[in-house]
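Here is the naming used below: chain letters follow the sequence lines, and residue numbers restart at 1 for every chain.
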2 protein chains.
Amino acid sequence: MNAEILTVGTELLLGDILNTNAQYLATELARLGIPVHYQSTVGDNPERLRRTLAQALERSDIILTSGGLGPTKDDLTKETVCSLLEQPLELHGPSLEWMRGYFARTGRTMSANNEKQAMLPAGCTVFANAVGTAPGCAIRKDGKHILMLPGPPRELVPMFETGAKAYLRQFTQGTIVSRNLRVFGIGESTLESYVNDLVDLANPSCALYAKEGEVLIRVTAMAPDAGRAGALLEPLLAQLRERLGAYIYGEEADSLEQVVVGKLRRHGKTIATAESCTGGLVAEKITRVPGASEVFSYGVCTYANEAKTRALGVSARLLAEQGAVCERVAMQMAAGIRERAGADIGVGVTGIAGPGGGTAEKPVGLVYIALADRERVWARKLLLGRGGAEREYVRNLTSLHLLDLVRRYLSAPPDGLEGGMPVKELFADA
Amino acid sequence: MNAEILTVGTELLLGDILNTNAQYLATELARLGIPVHYQSTVGDNPERLRRTLAQALERSDIILTSGGLGPTKDDLTKETVCSLLEQPLELHGPSLEWMRGYFARTGRTMSANNEKQAMLPAGCTVFANAVGTAPGCAIRKDGKHILMLPGPPRELVPMFETGAKAYLRQFTQGTIVSRNLRVFGIGESTLESYVNDLVDLANPSCALYAKEGEVLIRVTAMAPDAGRAGALLEPLLAQLRERLGAYIYGEEADSLEQVVVGKLRRHGKTIATAESCTGGLVAEKITRVPGASEVFSYGVCTYANEAKTRALGVSARLLAEQGAVCERVAMQMAAGIRERAGADIGVGVTGIAGPGGGTAEKPVGLVYIALADRERVWARKLLLGRGGAEREYVRNLTSLHLLDLVRRYLSAPPDGLEGGMPVKELFADA
């Protein structure tokens, strides 16, 4: 049995609202192991709605609709479904009672056209609406099932949870289990060349989703139960972990900052941040994580050179001679904030986020990041420019590279942090 | 001519990502006056993609696709369109050159499968990709038009703006002109009661879109040309401005931080930030704005009490007696950073972002924000809790309230900033 999602509403066609219902229903159907092959959206137009429904009945076994259950004359989903299936609409007493009570409770008077919402297809399964007026329902004909749900997400979600989900369980042969591997520091196409052969597998299957700077690898298996599906996944996950090694920064829903804060907490280490072109984004990401206060106490955003010198002790001569965007400045920022914050680790970042400020030698997207501990300081040069106004892109990718550098520093053994410079030599020639 | 939007990607069918492209394209087509009757979504499945395309060609004149232009073997949009239209794919030299340059600029090596992205339908109109690798294109056959755009929104949006929009203009009869008013500090339903009568108008029309803490009012008119459409808008805009006054913080695409940075530049004033619970978000937002360096030179994220005292001079006794979350601490943070940064304005924020750390007297969502200039300091108490884990919500809303306080301070005359406290009294009892 496969399913199709049909969202109804002119406001969707006009782009006035984002189609969160389609995403919600798609996620829930995937969890139930019911494959979805199509999503469609039509406006409040009976003719086109009818045509889309007819087509959905041809190509899919289960159709979930959202929207068009309201009291207005634009709301035509039930009417259209019933005329298509040649099924009469009947007044559903309990729903009418519920609505009357609903209006009484909310101290409003029920208008006549609300009664239309209590008209339901003969012989349907009714889904009560705990937070609104329109009930939903499921109707079956010739082995096909149409589930009609309301448009407002705050009504659709609880109705799905309390009614539609149980109805759909009868169709789930297997359970789909997915695991996510999160990868940073390698492009999608390079990554694919590493895992090319694994992407063709059917069950378990493996798919790559590129996100800014990151790639999500989703491994999915289907089996009669979750245990067996999980067992199917393990060998593939093991292969991916072996091939990608340290490029995998986390699994499941972890963000890079969650991984870094988690490692800092486990190691009992603290971090301090000194930022220029990222403008506080690194500190902001670290403190997004609940409990960050255990590992982060102080960060600065030194946008001006003078602030870099005063707040971090960056050599004024160095700034005058080399400019703010150079490796040594990033290193001095990292060591400077570490010492002033009394933290175990300090990170520094300086670069050109754009759109302005780029030159031939120092183009937009040139960024230096550095990490300092008590003894040593390491730096990385990044070239993130790609043409176009990319300020936010450069800032975000820089913050990810810096967080990844911390993650690798905290790995056992530290990954890709050979060399580095003794901190005591850092300010020597300043 | 009517259009249809076809978004391609298994991640959409699985609900892994929200279909923001469909909303963006729908909004833009509405602005161009091109009616959209259908939206469809299919996965990376050539057979179903082919069927959906064939059907779209039957019922629509213009088809916009997004997704499936990537380098991997799942990316099949161009291949499927071309086989359907019996059109060969040809290597497009300029696109290949651009890609080579792109990889060179970003210091990466181009893998062989990227070349696939430079294969385009014979005789198509090419849309350059300013921020990524895959070019888009438009192909015409038998009076039908298929525009193929990339999946990542950060690539799709600029490509639409710079390429596809101009291509689509040939199909627009009337012109739709929209203006946006941006409102902060008033809830959607309260706002609606202010403008109730105006929301029912047809042409010009007026719609409200609530965003976290903000409301966007979009006023739209359709006319044979932009001039006449604009003229239709003016009286309605004037009414809205008169009714909402200082609640309107900006127009068109301006964000609150853009408005604030713009005002600071015009007034020749500088700002410094001292943040606790927002973790650097205020500085990060200010520095998102190109040219922020003219008005912002220094900010701190003092997460720990000890850092508040050392970096800002917040009274240790005050912190010990009142705790970090109180009005006086926010005021001392604002005055402290202003003085240390040598800025005209200092802002401070301290509060409980949650999910933990709340108490009966100081619940999650209790935040104090403050603004200091050379003479005086003003504070505001915010109660942003709504129950549930809301860390990001509290942090974001706090940053908006603080930016709005700066905006009102910089308005002529300053808005809602009576009273306040002389800075010299601020540290008196410390």
Side-chain angles (χ1 to χ4, degrees), chain A residues 12-16 18-20 22-24 26-27 30 36-43 48 52 187-190 192-193 207-209 212 218 279-281 283-284 286-288 290 293 296-304 306-307 311 341 355-356 383-388 390-393, chain B residues 10-16 18-20 22-24 26-27 30 36-43 48 52 70-72 102 105-108 111 113-114 130-131 154 158 207 209 279-281 283-284 286-288 290 293 296-304 306-307 311 341 355-356 391-392:
Chain A
L12 290 164
L13 290 185
L14 290 172
D16 288 341
L18 197 49
N19 196 344
T20 55
Q23 183 188 27
Y24 170 77
T27 308
V36 173
H37 292 164
Y38 300 94
Q39 294 173 4
S40 312
T41 302
V42 289
R48 288 191 281 269
T52 309
E188 184 186 15
S189 43
T190 318
E192 203 201 13
S193 64
L208 312 181
Y209 304 115
E212 211 168 72
R218 160 148 316 132
L281 181 58
E284 192 272 315
I286 288 171
T287 57
R288 273 182 206 173
S293 53
F296 177 86
S297 62
Y298 185 47
V300 298
C301 174
T302 51
Y303 225 51
E306 188 266 337
L383 282 168
L384 305 173
R386 29 208 276 177
E390 49 209 335
R391 187 177 180 85
E392 288 214 18
Y393 171 79
Chain B
T10 301
E11 63 273 36
L12 290 164
L13 289 186
L14 289 171
D16 290 335
L18 199 47
N19 196 344
T20 56
Q23 183 188 27
Y24 170 78
T27 308
V36 174
H37 291 165
Y38 300 94
Q39 295 173 5
S40 313
T41 302
V42 289
R48 289 190 281 268
T52 310
T72 77
Y102 169 87
R105 274 197 307 285
T106 55
R108 295 178 292 146
S111 74
N113 47 13
N114 282 102
V131 295
R154 64 173 294 282
Y209 306 109
L281 182 57
E284 193 271 317
I286 288 170
T287 58
R288 273 181 207 173
S293 53
F296 177 85
S297 63
Y298 185 49
V300 298
C301 175
T302 50
Y303 224 52
E306 187 268 338
R391 188 177 179 86
E392 287 212 53

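Counting heavy-atom pairs closer than 4.5 Å to chain A, the top residue among B/Ile286, B/Leu14, B/Asn19 is B/Leu14. The greatest number of non-hydrogen atom pairs below 4.5 Å with chain A, out of B/Glu306, B/His37, B/Glu11, is found for B/His37. In terms of non-hydrogen atom pairs under 4.5 Å with chain B, the most contact-rich of A/Val36, A/Leu383, A/Thr41 is A/Thr41. Most heavy-atom pairs under 4.5 Å with chain B, from the set A/Ala30, A/Gly43, A/Gly356, A/Ser293: that is A/Ser293. Annotation: maximal heavy-atom pairing with chain A below 4.5 Å, among B/Ala304, B/Pro290, B/Gly280, B/Ser40, occurs at B/Pro290. The greatest number of non-hydrogen atom pairs below 4.5 Å with chain A, out of B/Thr10, B/Leu12, B/Thr72, is found for B/Thr72.
In this structure, OG1 on B/Thr302 lies 8.0 Å from OH on A/Tyr298, to the nearest 0.5 angstrom. If you take CD on A/Glu392 and CD on B/Glu284, they are separated by 7.0 Å, rounding to the nearest 0.5 Å. From A/Thr190, atom OG1 reaches atom CG of B/Asn114 across 7.5 Å, with rounding to the nearest 0.5 Å. Annotation: the span from B/Arg105 atom CZ to A/Leu384 atom CG amounts to 12.5 Å, rounded to 0.5 Å.
The two residues A/Gly15 and B/Thr27 have their closest heavy-atom pair at O-OG1, 3.3 Å. The two residues A/Leu18 and B/Thr20 make their nearest non-hydrogen contact at CD1-CA, 3.7 Å. Residues A/Ala307 and B/Ser297 share a closest heavy-atom pair of CB-O, 3.6 Å. Of all heavy-atom pairs between B/Gly279 and A/Thr287, the closest is CA-OG1, 3.3 Å.
Side-chain contact between A/Glu192 and B/Pro71: absent, with no pair of heavy atoms (C-beta onward) separated by less than 4.5 Å.
Proximity to chain B is limited to the side chain of A/Tyr393, based on heavy atoms less than 4.5 angstrom apart. For a residue to count as touching a neighbouring chain, one of its non-hydrogen atoms must lie under 4.5 Å from one of that chain's; by this rule B/Ala22 does not touch chain A.
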Inset, instruction - Report the C-alpha distance between B/Tyr38 and A/Thr52 in whole Å, list the side-chain angles of each, state the deciding distance to 0.1 Å, and finish with yes or no for side-chain contact (heavy atoms from CB on, under 4.5 Å). - result: CA-CA 9 Å; B/Tyr38 300 94; A/Thr52 309; 3.4 Å; yes
Inset, instruction - Could you go through the side-chain contact (heavy atoms from CB on, under 4.5 Å) check for A/Leu13 and B/Gln39 one step at a time? - result: CA-CA 7 Å; A/Leu13 290 185; B/Gln39 295 173 5; 3.9 Å; yes
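The salt bridge (charged side-chain N to carboxylate O under 4.0 Å, His left out) check on B/Arg48 picks up nothing, with sequence neighbours excluded. Under the ring-ring contact (aromatic ring centres under 6.0 Å, His included) criterion, B/Phe296 pairs with A/Tyr303, not counting sequence neighbours.
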